[in-house]
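In what follows, a single structure is set out as structure tokens and then discussed.
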Amino acid sequence: MENAIQVSGLRKAFDQQVAIEDVSFHVKKGEIFGLLGPSGSGKTTTIKILTGELEQTTGDVCVLDTDASSFDSTQFKSKIGILSDNSALYERLTVYDNLKLFCKLYGAPLERIDVILDDVNLKNDRNKVVSKLSKGMKQRILLAKALVHQPDLVFLDEPTSALDPGNVIHIHRGLQKLNEAGTTIFLTTHDMEEATKLCDRVAFLDNGTIQELGNPDELRFKYSSHDFHIETTTNEKFVLGNDSKNADQIRDLIAAGKVKSIQSDKPTLGDVFLKLTGKELV
Amino acid sequence: MNTQRIGAIFEKDLKEFRKNMMLLMMPVIPIFLAFMYSRMGEGELPIFLLYLIVGATYSAVTTSGMMTMMAEENEKKTLRGLIQSPASLADILIGKSLVVGLFTLVSLIISLAILGNDTFLAVQPIIGLILLFLFFLLLGIGIGLFTKSVANTSAYIMPVMFLFGFTPMIEFLNLGEDSIAIKIADYFPIMQMIDMHETNSWTAIGIVAIWVIAAAIFTFICLKKVSTDN
């Protein structure tokens, strides 16, 4: 499978302060890739380099077969969508007028506006002035703005922050639908459930370097203690390690009908990050 | 350059302009001034008074309008969205300039019509007026990007109005003809245009063109700064 993003040996320093160091990864076309890390870990710097908002100090960056030196081209910009902390809306205009502007700038048909508004659950608010809307609604319009031209690759920096759970589910469905249609998604998030649910692969970024990279389920398995948490019919709870001696004991308990529940240890991505870095993912 | 993108930005900015009371009031200033001057007495108005109207229009409508629009885009981070879109910097600036140009033209035509003067209906003055428009427009773009917030633009518009828009008023300060301030002011764009009317010299047009180039360089530097986070 071809790569949508190819990064190798990426380094960015602001004067003497190094923001990211020796970062290498690739994102396959059609993949949902998550970059996870605490505040100040270098996620936004990475996205800014990948979208041409920042120039790297050293290293190679190639996005949609375009070298970083050509990120300013119209052709490249037409193929990507961006939702970042630098994204904003025209507050005096209506939701429809905001999206109409970007439809025209990207050469997308105006019929896309209603489709994308439906995807972000704002179809009934198309004629409302943006300044009158809640923060969560504005976030959804920003997402619609990033997706209105059906980009090949979309960069989403914390796409569901400030959204209520109902709308998060709606947005997740929209993103999955978009991905099924072939769009590659590169997202950063603090929400481990979101990363587990959406991402094909994730990378943990801490202090500007990648600590681990892989499929969420595989990473959770890799960093699992493989212990079994058992609850008996007498409500007794205990943990047994994964070895042959304990396997016999578990088999005997099951055979005697004494097991109420048995669960294998499966850490969350947040637990994995904590194990790797000693830090909480917040 | 892409006409569809220019049209989209023009349409958006026209809607925003119409919803911004401060911007809407600015074109009224030169019209009001022209009305006052037209009541000053019989006979043709002196050329410097006509250029006060031109200066007021360009500084209050062109520079102030453009400055406010750019500062607002910069402050609210919407400019980054435009830069990240396929629209080129030229598309963005032309689209915005067309809106400001439209309001400037309407305000200038009404003001000059009130004065009933045909001084500007010749090739040289028209070229001069176009160059002056470009100078004030570029100054507005540059300062708008430089100030970064709409609140700060008010601190810049007054010096621009008095230095470049109302330059002929320096005569009223009674500084004396040998004053260094008068000698420097003589090279300012509006003063050069007045000189052009008196001497029919193309040198004055050349000096105004140099002012346009200087404003363009200033604007280019400011644009480069806001295009990326480097």
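- Contacts with chain A (heavy atom to heavy atom, under 4.5 Å) involve these residues of residues 78-88 of chain B, listed by number: B:Thr78, B:Arg80, B:Gly81, B:Leu82, B:Ile83, B:Gln84, B:Ser85, B:Pro86, B:Ala87.
- For a residue to count as touching a neighbouring chain, one of its non-hydrogen atoms must lie under 4.5 Å from one of that chain's; by this rule A:Leu89 touches chain B with the backbone only.
- Salt-bridge formation is detected for the pair B:Lys15/A:Asp97: a Lys NZ or Arg NE/NH1/NH2 atom is positioned less than 4.0 Å from an Asp or Glu carboxylate oxygen.
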Practice task
For the pair B:Arg5 and A:Thr74, evaluate side chain to side chain contact (heavy atoms under 4.5 Å, CB included) and give the outcome as yes or no after the intermediate values.
Solution key: CA-CA 12 Å; B:Arg5 292 183 192 124; A:Thr74 300; 3.7 Å; yes

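- No part of A:Phe76 comes within reach of chain B, as not one of its non-hydrogen atoms sits under 4.5 angstrom from that chain.
- In the displayed structure, A:Asp118 atom CG is contacted under 6.0 Å by more than 12 heavy atoms of other residues, nucleotides or ligands.
- Between the side chains of A:Tyr90 and B:Glu73, at least one donor-acceptor pair of N or O atoms lies under 3.5 Å.
- Atom CZ of B:Phe218 sits in a crowded spot, with more than 12 heavy atoms from other residues, nucleotides or ligands closer than 6.0 Å.
- With a threshold of 4.5 angstrom between heavy atoms, A:Leu105 approaches chain B through its backbone and through its side chain.
- At a 4.5 Å heavy-atom cutoff, the contact between B:Ile9 and chain A is made by backbone and side-chain atoms alike.
- To the nearest 0.5 Å, atoms NZ (A:Lys104) and CD (B:Glu11) are separated by 4.0 Å.
- The candidate with the highest count of non-hydrogen atom pairs below 4.5 Å against chain B, out of A:Gln75, A:Lys100, A:Lys145, is A:Lys100.
- Chain A is approached within less than 4.5 Å, heavy atom to heavy atom, by no residue from residues 89-104 of chain B.
- Ionic pairing of B:Lys19 and A:Glu91 is not present here: no N-O contact between side-chain nitrogen and carboxylate oxygen is shorter than 4.0 angstrom.
- Contact tally against chain B (heavy-atom pairs below 4.5 Å) for A:Gly81, A:Ser78, A:Ala88, A:Ser84: the top residue is A:Ala88.
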